[in-house]
Student: 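Dropping a structure here in structure tokens format, bear with me for questions.
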Amino acid sequence: MFFGRALLQDGRPLLMLIESCKTLRQAYQIHAQTVVNGLHIHLYPLSKIFSLFALFGCSESLDHSRLILSRTDVPNVFMWNTMIRAHSRQELHGKAVLLYPSMIAQARALPNHFTFTFVFSSCARLPTPVPGFQIYGHVIKRGLESDTIVMNAFIHFCCGFGDLHSAQKVFEESPVRDLISFNTMISGLAQGRKPHAALSLFTVMTRSGLMPDHFTFVALSSACSGLNNYRLAKQIHNLVYMYFGFVDCGRSAHLVGSVMDMYLKCGEMEMAEKVFNTLQNVKSSAALSCMVSGYARAGKVELARQIFDQVDEKDTVLWTAIISGYSQAGQYTEALSLYKEMEASGIKPDKITMVAVLSACAGLGAITFGQRVYNQCLKKRLYGQDVILITAIVDMYAKCGKIHAALEIFHGVPNYQRTTHLFNAVISGLAQHGHGKIAVLVFEEMEVAKVSPDEITFTGLLYACSHSGLVEEGRSLFKSMSQMHGINPQMKHYCCMVDLFGRNGNLDEAYKFIQAMPFEANSVIWRSFLSSCKLYGDVEMGRIASTKLLEMEPDHGARYVLLSNILASTKHWEEAGKVRKVMEERGIQKPSGWSHIELLDGTIHQFPASNYKLHPQKEEIASKLGEINGRLRAAGYAPSTVNVVFDVDEEEKEMIVSYHSERLALAFGLLNSGPGEVLRIMKNLRICSDCHLVFKLLSRAYEREIIMRDTTRFHHFKNGLCSCKDFW
DNA sequence: TTAGGGTTAG
């Protein structure tokens with residue numbers, strides 16, 4: 001019997017029925033009829049029915065196909081391959097790969113090149129490359145290492161894990177290299193950020209007589225997008241014209257989109273806009289997302305928003321692009337409210353969306369929202385597969401004041417997933433929380449795990465040392481940078497060192513260090529030094545730093561404030577007044593301070609300094625501030641007014657201090673929370689020493705834990721003490 | 001074999 005022409009009892013051809021099958025119900029009916037007709041005992045119709053279920057695309061149909069497979073005595077290679085492909089399509093890559101050993105163990109059917117192609121495609125999406133390499137052993141055993149299709153799949157797998165070395169070795173040893181081999185390799189080099197290697201491979205390809213196709217140029221433009229080289233971008237664009245003429249934007253949307261993205265990533269907005277406009281009515285979702293993120297990267301969030309708003313059917317990527325755009329621009333509240341809109345519109349976020357949202361939560365310090373997003377990640381099973389997502393979660397916890405939660409997650413991450421970024425997030429988090437010694441221990445762990453540190457690792461480490469008073473550790477880490485790790489210290493590292501010496505009172509050493517630097521110190525260094533001079537009341541050194549600063553940045557408000565503070569704190573009122581006058585004459589304003597507090601329900605309330613008069617609870621806040629002042633006096637507190645710049649009378653100075661934005665947020669927090677609840681406050685400037693003292697006293701007077709994040713670090717106030725040990 | 005959105009520090 002020729003089963004390809006098998007007919008059911010009513011005369012209908014089985015294959016045609018299978019091909020036209022649209023619903024799962026129809027599929028079950030066809031299967032039932034096959035059984036009635038006795039066709040199911042023959043392998044050919046059975047495997048056709050089987051693939052109908054396997055590739056139908058839902059979990060129920062896949063379950064049914066598993067059932068058929070388990071009841072088949074000797075499944076053939078076609079059935080195994082279909083099963084592997086079906087699991088892969090439903091993103092069940094682990095299960096897809098595990099089918100391979102089952103196949104080898106049970107079947108008499110030998111794996112063919114389709115088997116390996118499907119298996120490698122799933123292996124590329126596993127969290128570890130180990131199974132892929134084990135299966136490559138079988139490829140060699142089966143003598144398929146010269147099969148171009150299998151080799152292409154393996155090269156793709158290697159590139160997915162960033163193992164360009166293995167990919168290139170196989171590529172070069174391959175006896176036959178086709179267009180797909182070259183495209184895969186060029187694309188792999190692009191992803192692995194080897195643009196020059198990708199370019200030279202392109203030359204090899206054209207010299208060998210192969211004609212590039214659209215895929216080649218998509219890969220090539222992606223490779224060159226990171227080079228920031230306008231001329232090269234233009235050359236590639238010209239090559240596209242040379243090979244394909246004026247490309248049909250409808251059919252070549254991929255290619256046009258990639259060329260546009262290359263211009264965007266080179267910062268060539270005008271050319272990108274030109275290409276974008278050629279797309280006219282066929283603007284693909286990808287092109288729109290590119291433009292949105294391109295504008296956002298260029299700091300033009302409003303333009304990005306305009307494009308976003310004009311799109312009727314927004315997909316996950318477009319939503320993510322705009323959310324991430326706002327987050328990167330520091331407009332975290334807007335980012336979070338867009339995420340809420342996205343949820344309401346029914347578009348499902350994916351792991352990349354979550355990364356963008358978590359980064360906004362981290363920026364804002366919004367722990368309730370952040371925790372909700374984390375729970376969503378767990379529920380949607382997004383967590384665990386992706387290192388960047390893990391890094392974003394760790395960073396969110398650290399920046400929202402829960403460093404222990406951050407550490408707990410970090411400790412659960414297996415070694416093969418620990419990247420430089422992840423270590424950096426943990427080390428910087430620990431630094432912000434003042435856990436310098438633990439940061440150094442984590443760094444030692446990093447060295448043992450052979451994860452290479454970069455300049456960001458050292459920024460975090462040196463920062464941690466300077467904020468924990470670890471002068472010797474800092475000194476030796478700084479030395480090890482160039483001597484052991486081949487990283488040349490940059491301005492920011494020198495800045496940390498000046499901070500390290502200055503904060504610990506070694507002002508002379510800090511000054512000598514600045515003078516011995518291999519390049520001219522920038523304003524950040526002088527500001528750090530000036531802060532230390534203020535901390536230790538060294539007017540002479542402070543004057544040197546101030547003079548330098550005013551020369552360098554005559555329009556920067558904070559410098560004037562710091563200088564007049566230092567003069568005021570040492571009662572040089574007259575000079576402080578002069579500075580203020582210069583500031584007024586030049587029309588410079590002090591940066592305005594604000595604080596916000598998050599309540600348990602996740603709502604965030606923001607307070608600008610000295611201003612709560614517009615707040616709906618203004619009367620309660622005023623009376624709470626009065627009560628606070630009373631409690632403070634009872635605790636023997638006298639306001640320190642060294643931070644108040646001007647020589648006004650003492651009472652007025654006290655008033656100005658008592659209206660610092662963090663105090664307003666605290667008063668509001670006490671009013672709107674239950675006893676024993678932790679108060680979480682974020683401030684956009686550094687906390688002043690007076691507020692710091694007040695927060696310590698109030699943590700005892702009200703028996704409250706207060707967690708406060710300022711621009712430089714976290715302060716945990718509890719029982720009259722602060723975690724920074726008054727060192728910040 | 002195809003493009004687009006993502007993490008740390010400053």
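A note on names: the letters A, B, ... follow the listed sequences, proteins ahead of strands, and every chain is numbered from 1.
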Student: Give one of base, sugar-phosphate or nothing for A/Asp454, where a contact means two heavy atoms less than 4.0 Å apart.
Tutor: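 Touches nothing.
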Student: Can you check the A/Tyr263 OH to B/dG4 C1' distance for me, whole Å?
Tutor: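 That distance rounds to 18 Å.
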Student: Quick one: does NZ or CZ of A/Arg418 land under 6.0 Å from the six-membered ring centre of A/Phe410, within 45 degrees of the ring axis?
Tutor: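 Relative to the ring axis of A/Phe410, which defines the angle, A/Arg418 lies inside both limits.
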Student: Please work out whether the ring planes of A/Phe714 and A/His433 are parallel, tilted or perpendicular, with thresholds of 30° and 60°.
Tutor: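 Geometry flag for A/His433 against A/Phe714: parallel rings.
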Student: Report which part of the nucleic acid A/Ser324 touches: base, sugar-phosphate, or nothing (heavy-atom distance under 4.0 Å, all strands).
Tutor: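 Answer is sugar-phosphate: A/Ser324 comes under 4.0 Å of backbone atoms only.
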Student: So A/Asn183, base contact, sugar-phosphate only, or nothing? Heavy-atom distance under 4.0 Å.
Tutor: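 The answer is base, as A/Asn183 lies within the cut-off (heavy atoms under 4.0 Å) of a base atom.
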Student: Measure CD1/A/Ile456 against P/B/dT7 and give the value in whole Å, please.
Tutor: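 To the nearest whole Å, that distance equals 12 Å.
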Student: What integer distance in Å separates A/Leu318:CG from B/dG5:P?
Tutor: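 That distance rounds to 12 Å.
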Student: May I ask you to evaluate whether A/Gln328 reaches the phosphate of B/dG6, defined as a side-chain N or O under 4.0 Å from OP1 or OP2?
Tutor: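 So the side chain of A/Gln328 is within the cut-off, an N or O lying under 4.0 Å from OP1 or OP2 of B/dG6.
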Student: By the 4.0 Å heavy-atom rule, please label A/Asn152 as base, sugar-phosphate, or nothing.
Tutor: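 The residue A/Asn152 makes no contact with any strand.
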Student: Could you tell me how far apart A/Tyr494 (OH) and B/dG10 (C1') are, to the nearest whole angstrom?
Tutor: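 Rounded to whole Å, this separation is 17 Å.
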Student: Counting only heavy atoms not in A/Lys194, do more than 12 sit closer than 6.0 Å to its NZ atom?
Tutor: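 Open.
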Student: Is A/Ser285 touching bases, backbone alone, or none of the nucleic acid, heavy atoms closer than 4.0 Å?
Tutor: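 Base: the residue A/Ser285, judged by heavy atoms under 4.0 Å, touches a nucleobase.
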Student: Measure across A/Leu389 and A/Met354 and return the closest heavy-atom pair with its distance rounded to 0.1 Å.
Tutor: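 Looks like CD1-CB, 3.8 Å.
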Student: Ignoring backbone atoms, test whether A/Thr459 places a side-chain nitrogen or oxygen under 4.0 Å from the OP1 or OP2 oxygen of B/dG10.
Tutor: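 Answer no for this pair, as no side-chain N or O of A/Thr459 is under 4.0 Å from OP1 or OP2.
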Student: Round to a whole Å and report the spacing from CG of A/Leu288 to C1' of B/dA3.
Tutor: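 Those two atoms, CG and C1', are 13 Å apart.
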